[in-house]
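The structure appears right after this line, and notes come after that.
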Amino acid sequence: FGHRPGGQMYTYRKIKRGYRKGSVAQRGLRTLGVSKRLAMRNLILGGMLLLTTLAGHAQVSDTAVTTGQGDTLVVSALPDSAFAQARELAFAEEYQKAEKILQVNLIRFPENNDYRLFLARVMSWQEKYDTARTLLQEVLARDSASVPAFDLLATVERYAKNYQQAITLSDSGLKERPKSEALLTNKAQSQVGLLNYPEALTTVDSALQIHPDNKELQQLQLFLLNQLIAEGLAAGIGLDYFTRVNSPWLNGLLQYGKFTDIGTMIGRVNYARRFGDQGLQFEIDAYPQLGKGRYLYLNVGYSPSELFPTWRFGGEYFSMLGDTRLEGSLGFRHLIFSDTNQVTMYTGSLGYYFGDNFIQFRPFLIDQPQGWGSSYNFLYRHFMSGMGDYLQASAGFGFVPDERILNIGGVIGPDLYTLRSQYLGFAYQKLLNEQAYVRADLTLTNQEQFNNPSNFYQIISLFFTIGYRL
């Protein structure tokens, strides 16, 4: 049976010669009979196909495999069920079990690229990057236009910390698919891996114009803005109020920061008005990046005014400790007030990140002719969104290594090093938008009087800072 182009059915009378033309009713009955026979034939064919499919599945039975941990795992004979089982195990971080199931599926169905792609992803989660790379290259050899395989290969290179190769692959894919969400995100993350924060921020900003609802890109943008918070101009003004001894002191700063290929560089001018006099101090801070999680703090400062040390130097090495969330540091500060009045302080820190919080302990050891002086400082910081918005509390006791106190009354002498001091501080910093941030500091200090031991006076310090990224 067939159809003409016009849609009319070839009836039996058109095929078998000699059949006589009947009435309209007879032709209708004959057509109905043909339709029944056609339906019966289709039913028989469908049943045969179902039996064939069931027979094919019957040849593949459930398979028992042993994982590397000695566990016995039963792999379903139905490929889709086995694949779902592998995905569930992988997302539960039972990677070895998922790997075994996917390998069994690939033995049964070696042409299935979906199984091979997901196995490559599972391998990358286990840091088996060479194996993941080989599996993806097999997929691309079969289908050079496979978008999932290409995107995953670029991601695997980033996981393997081959950041430049990941950027090269991402750029290559973006030439064909300039709006690819996965490739744009992977490129930005790889630029972060290379510590190219300004370039990464440019990539993220461009990507968010295309994909404004992407949560990962939004979080990455916030992280980068916070990392680059020192870039640009900042100005601050503060007041130290003394309950006794001195009239209030006025302090201020103006600084410019720039993120360079080696890290952040900051130039700063500090202003002070004390004892009826005023003066300036000029400083340079540098934060050379030594790799992810490792950097230096370097400082040099000079002042022609007696209100500040003539020279100051500082250096400290910071590093994350292994794969933990601990950060440690070792360093020093050296202040030169005159040829005979110099202070050297050795310091370090131990900090710990947990959730949205950071705690740190920092001691100072002060080298002095009478022996070693010391102070102990504690800091707690709660991050509210990213690393830039936070509330901070700090406290310390001992001899507080503060230029303001060191130079109090314009006197530096052996007795000053042994004076007792305690302080409690609070700070709040807020990122207003992509360019601006503000910070407010309040510090309460209880300081022993240098010319009247066992008598204390208090210092209430307020300082406000506003910054703008150019």
Side-chain angles (χ1 to χ4, degrees), residues 117 120-121 124-125 127 129 132-133 136 140 145-233 256-266 287-295 320 383-389 430-437 467-470:
L117 274 170
R121 193 177 298 278
S124 72
W125 291 341
E127 300 183 2
Y129 303 121
R133 200 177 287 117
L136 293 170
L140 291 170
S146 174
V147 170
F150 187 89
D151 291 358
L152 182 54
L153 182 59
T155 302
V156 166
E157 296 298 347
R158 173 166 61 86
Y159 288 167
K161 299 184 179 179
N162 298 326
Y163 299 121
Q164 192 57 58
Q165 178 65 11
I167 292 172
T168 300
L169 286 170
S170 298
D171 283 338
S172 177
L174 288 168
K175 290 179 182 178
E176 301 295 328
R177 295 173 286 127
K179 297 183 179 181
S180 170
E181 194 169 4
L183 291 176
L184 286 168
T185 304
N186 190 67
K187 179 180 179 178
Q189 292 278 22
S190 300
Q191 289 169 327
V192 170
L194 290 175
L195 305 178
N196 293 335
Y197 294 154
E199 294 179 15
L201 184 59
T202 299
T203 302
V204 169
D205 287 343
S206 299
L208 282 173
Q209 291 180 4
I210 305 170
H211 309 287
D213 297 326
N214 185 295
K215 299 299 182 184
E216 185 177 358
L217 288 171
Q218 291 173 358
Q219 292 174 357
L220 189 57
Q221 183 190 51
L222 185 59
F223 166 80
L224 290 166
L225 289 171
N226 293 324
Q227 292 298 311
L228 295 170
I229 201 166
E231 188 172 63
L233 289 171
Y256 173 73
K258 179 67 177 177
F259 192 91
T260 69
D261 291 339
I262 63 170
T264 302
M265 304 287 292
I266 300 174
Y287 297 85
Q289 296 285 342
L290 304 179
K292 197 162 187 179
R294 296 180 294 117
Y295 65 94
M320 298 302 293
F383 302 105
M384 292 174 292
S385 77
M387 300 290 285
D389 294 2
K430 174 66 177 176
L431 195 66
L432 299 178
N433 52 44
E434 293 187 15
Q435 276 75 39
Y437 74 93
Y468 187 83
R469 193 172 67 85
L470 301 177

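Each residue takes its place number in the sequence, starting with 1.
- For the atom pair CD1 (Ile262) and CG (Leu290), the distance works out to 10.0 Å, reported to the nearest 0.5 Å.
- Residues Tyr163 and Leu194 share a closest heavy-atom pair of CB-CG, 3.5 Å.
- By the 4.5 Å heavy-atom criterion applied to side chains, Gln218 and Gln221 are not counted as neighbours.
- With hydrogens and angles ignored, the 3.5 Å screen pairs no side-chain donor or acceptor of Asn196 with any backbone N or O of Gln191.
- Nearest heavy atoms, Leu117 versus Leu136: CD2-CD2, 3.6 Å.
- The neighbour count for Arg121 CZ, taken as heavy atoms of other residues, nucleotides or ligands under 6.0 Å away, does not exceed 12.
- Contact of the Asn162 side chain with the Arg133 side chain is registered, since non-hydrogen atoms from C-beta on lie closer than 4.5 Å.
- Between the CD atom in Glu181 and the CG atom in Asn186 there is a gap of 12.5 Å [rounded to 0.5 Å].
- No side-chain heavy atom of Thr264 sits under 4.5 Å from any side-chain heavy atom of Lys258.
- Tyr129 approaches Ser124 most closely through the heavy-atom pair CE2-O, 3.5 Å.
- Considering all non-hydrogen atoms of both residues, Asn214 and Leu208 come closest at O-CD2, 4.1 Å.
- A search for side-chain contact (heavy atoms from CB on, under 4.5 Å) contacts involving Asn433 returns Gln435, Ala436, not counting sequence neighbours.
- Considering every non-hydrogen atom in both Ala154 and Leu183, the closest pair reads CB-CD2, 4.4 Å.
- With a 4.5 Å cut-off on side-chain heavy atoms, Ile167 and Glu199 do not count as touching.
- Nearest heavy-atom pair, Leu152 versus Ala120, reported as atom, atom and distance to 0.1 Å: CD2-CB, 4.2 Å.
- Applying the side-chain hydrogen bond (donor to acceptor under 3.5 Å, both in side chains) test to Arg469 and every residue at least two apart in sequence or in another chain returns nothing.
- With values rounded to the nearest 0.5 angstrom, Ile266 atom CD1 is found 11.0 Å from Tyr256 atom OH.
- Atom CD of Glu176 has 12 or fewer neighbouring heavy atoms from other residues, nucleotides or ligands inside a 6.0 Å radius.
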Evaluate the side chain to side chain contact (heavy atoms under 4.5 Å, CB included) criterion for residues Phe383 and Asp389: first the C-alpha distance (whole Å), next the side-chain angles of each, then the deciding distance (0.1 Å), finally the verdict.
CA-CA 6 Å; Phe383 302 105; Asp389 294 2; over 6 Å; no
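- To the nearest 0.5 Å, atoms CG (Asp171) and CG (Leu184) are separated by 9.5 Å.
- Note that the CZ atom of Arg294 and the CD atom of Gln289 stand 10.0 Å from one another [nearest 0.5 Å].
- With rounding to the nearest 0.5 Å, the separation of OG1 in Thr168 from CD in Glu157 is 9.5 Å.
- By the ring-ring contact (aromatic ring centres under 6.0 Å, His included) test, Tyr287 pairs with Tyr297, sequence neighbours left out.
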